[in-house]
Amino acid sequence: MFEWFTQSARQVVVFAQEEARTLRHSHIGSEALLLGLLREQHGVAANALAFLGVSLEQARLAVTRYVASGDEGIEGFMPFTPRAKQILHQASDEAAALNNKYVGTEHILLALTTIDESVAKNVLRDFDLDATTIRDRVIQQVADFPSDPRRREPSPTRWRRSRGAEAGPALEDGRIETTIGDLLITLSRADRLRPVLPELAAGEARIRAALERLGPDEPPESANGA
């Protein structure tokens, strides 16, 4: 889903997960995506919302009027709600409609305004914002800054053998292309995951050895053969 997302758009998803954890939710909902858009700060969406008078602090307060905090903190993987998934898929459609070959923060925001009965859309209504107002501002924002480097088109994520001891998702030349091998090795170094890696019979050395047995550009087969 995220292979055509810009670096800023991917960061929004990361921030959305953190906002969901702060709310002690067990899922990432539309409200978390909205807060993620605002928290990213530098994207088209955040600038458009700021121009329209929406701040992160105000939005956080508005969210609490619609959804309560959970009882316990959630660790590990957090799934998206059906509406959040719908928003992220719709973002690709919004990009295609604008003839963009990337999915940026602006497309996530536009998608968010199309999903009825979501918490995020209710929050935006609290600021007297509707889909037309937001769309007009986003289009104007893009027109004002047509060469913004933060909307650089990403390359699709490909499988390739990881090379170099310090391979990772943040590449040295500023590209946002990340390989599966890079991600696996980076995850193997995460402090939170290290205690459970022995249970998975995994670790950086084992991952590197496994990657070396695979040829370049050959994705591993999925469990269902898809």
Side-chain angles (χ1 to χ4, degrees), residues 1-50 54-95 102-127 129 131 134 138 150 154 157 169-170 176 178 180 183-184 186-187 190-193 196 222:
M1 181 191 299
F2 302 112
E3 60 185 10
W4 289 106
F5 277 44
T6 63
Q7 188 170 16
S8 293
R10 295 182 188 190
Q11 189 63 54
V12 165
V13 177
V14 173
F15 284 148
Q17 178 172 271
E18 293 177 2
E19 291 294 327
R21 289 195 195 285
T22 299
L23 289 167
R24 305 176 77 83
H25 288 172
S26 60
H27 54 266
I28 301 172
S30 65
E31 67 281 356
L33 287 175
L34 175 59
L35 296 178
L37 287 169
L38 288 162
R39 186 171 161 186
E40 193 273 331
Q41 295 186 340
H42 303 295
V44 174
N47 284 309
L49 289 169
V54 184
S55 71
L56 177 58
E57 292 74 19
Q58 290 173 317
R60 280 174 174 161
L61 181 61
V63 164
T64 62
R65 292 198 288 267
Y66 292 97
V67 291
S69 295
D71 296 327
E72 299 180 3
I74 302 297
E75 297 295 335
F77 173 75
M78 295 184 71
F80 294 100
T81 64
R83 281 200 179 96
K85 286 182 181 180
Q86 189 178 358
I87 290 167
L88 294 174
H89 283 295
Q90 179 66 24
S92 296
D93 294 338
E94 294 291 342
Y102 60 88
V103 178
T105 64
E106 62 270 34
H107 304 120
I108 299 175
L109 176 58
L110 292 176
L112 190 150
T113 66
T114 68
I115 308 302
D116 291 327
E117 304 308 321
S118 69
V119 174
K121 196 163 185 179
N122 287 333
V123 169
L124 291 173
R125 288 196 190 104
D126 288 350
F127 291 91
L129 297 177
I134 292 172
V138 164
R150 286 185 293 270
T157 301
I176 65 174
T178 303
I180 295 173
L183 290 172
L184 285 172
T186 300
L187 287 170
D191 290 338
R192 180 175 291 179
L193 293 177
V196 301
S222 62

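Excluded from the calculations below are hydrogen atoms, water molecules and symmetry mates; all remaining heavy atoms, backbone and side chain alike, are included. Residue numbers run from 1 in the order of the sequence given.
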>> According to salt bridge (Lys or Arg N to Asp or Glu O under 4.0 Å), who are the partners of D93, at least two apart in sequence or on a separate chain?
In response: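 Counting only residues at least two positions away or on another chain, D93 forms no salt bridge (Lys or Arg N to Asp or Glu O under 4.0 Å).
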> Would L34 and V54 satisfy side chain to side chain contact (heavy atoms under 4.5 Å, CB included), going step by step from the backbone distance to the final call?
Replying inline: CA-CA 11 Å; L34 175 59; V54 184; 5.8 Å; no
>> A side-chain contact here means heavy atoms from C-beta on lying under 4.5 Å apart; do L56 and F15 qualify?
In response: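 They are not in side-chain contact.
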> Rounded to the nearest 0.5 Å, what separation is found between the CG atom of L88 and the CG atom of L112?
Replying inline: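 L88 CG to L112 CG: 9.5 Å, rounded to 0.5 Å.
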> Looking only at heavy atoms, which two atoms of S30 and A84 are closest? And how far apart?
Replying inline: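 For S30 versus A84, the nearest heavy atoms are N-CB, 4.3 Å.
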>> Let me confirm one number: the CG-NE2 distance from N47 to H42, rounded to the nearest 0.5 Å.
In response: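 So the gap between those two atoms works out to 9.0 Å.
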> Does R60 have any salt bridge (Lys or Arg N to Asp or Glu O under 4.0 Å) partners at least two apart in sequence or in another chain, and if so, which?
Replying inline: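 Counting only residues at least two positions away or on another chain, R60 forms a salt bridge (Lys or Arg N to Asp or Glu O under 4.0 Å) with E19.
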> side chain to side chain contact (heavy atoms under 4.5 Å, CB included) between L109 and V44: does it pass, once the steps are laid out?
Replying inline: CA-CA 9 Å; L109 176 58; V44 174; over 6 Å; no
> About how many Å separate CG of L38 and CG of L35, when rounded to the nearest 0.5 Å?
Replying inline: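 Reported to 0.5 Å precision, the distance equals 6.5 Å.
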>> Rounded to the nearest 0.5 Å, what separates atom CZ in R83 from atom CD in Q90?
In response: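 If we round to the nearest 0.5 Å, R83:CZ and Q90:CD are 14.5 Å apart.
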> Tell me, do K121 and R125 make a side-chain contact under 4.5 Å, heavy atoms counted?
Replying inline: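 They are in side-chain contact.
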>> For A62 versus V123, what's the shortest heavy-atom pair and its separation?
In response: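 So the minimum-distance heavy-atom pair works out to CB-CG1, 3.8 Å.
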> So how far is it from N122 CG to D116 CG, rounded to the nearest 0.5 Å?
Replying inline: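 N122 CG to D116 CG: 9.5 Å, rounded to 0.5 Å.
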>> For a quick test of reading the model, state the closest non-hydrogen atom pair linking G29 to T81 and the distance between them.
In response: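 Distance-wise, the nearest heavy atoms are CA-OG1, 3.6 Å.
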>> Given 3.5 Å as the limit, does a donor-acceptor pair link the side chain of S8 with the main chain of T105, or not?
In response: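 Answer holds: no.
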> Any side-chain heavy-atom pair from I134 and F127 closer than 4.5 angstrom?
Replying inline: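 Sidechains of F127 and I134: no contact.
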> Taking the six-membered ring for Trp, are H107 and F5 ring centroids under 6.0 Å apart?
Replying inline: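 No; F5 has its ring centre 6.0 Å or more from that of H107.
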>> Side chains of Q11 and Q7: any donor to acceptor distance under 3.5 Å?
In response: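 Note: Q7 and Q11 side chains miss the donor-acceptor criterion.
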>> Once side chain to side chain donor-acceptor pair (under 3.5 Å) is applied, do any residues pair with Q41, and if so which ones, sequence neighbours excluded?
In response: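 Here no residue qualifies.
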> Where do S26 and P79 come nearest, in terms of heavy atoms and distance?
Replying inline: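 Closest approach of S26 to P79, heavy atoms only: O-CD, 3.4 Å.
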>> As a test of understanding, state which of M78, R21, E18, K85 forms a side-chain contact (heavy atoms from CB on, under 4.5 Å) with I28.
In response: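 The residue from M78, R21, E18, K85 that satisfies side-chain contact (heavy atoms from CB on, under 4.5 Å) with I28 turns out to be M78.
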> Do L49 and L124 have side-chain heavy atoms sitting under 4.5 Å apart?
Replying inline: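 Answer yes - side chains close enough.
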> Is a side-chain donor or acceptor of H25 paired with a backbone partner of A68 at a separation under 3.5 angstrom?
Replying inline: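 Side chain of H25 to backbone of A68, a donor-acceptor pair under 3.5 Å: yes, one is there.
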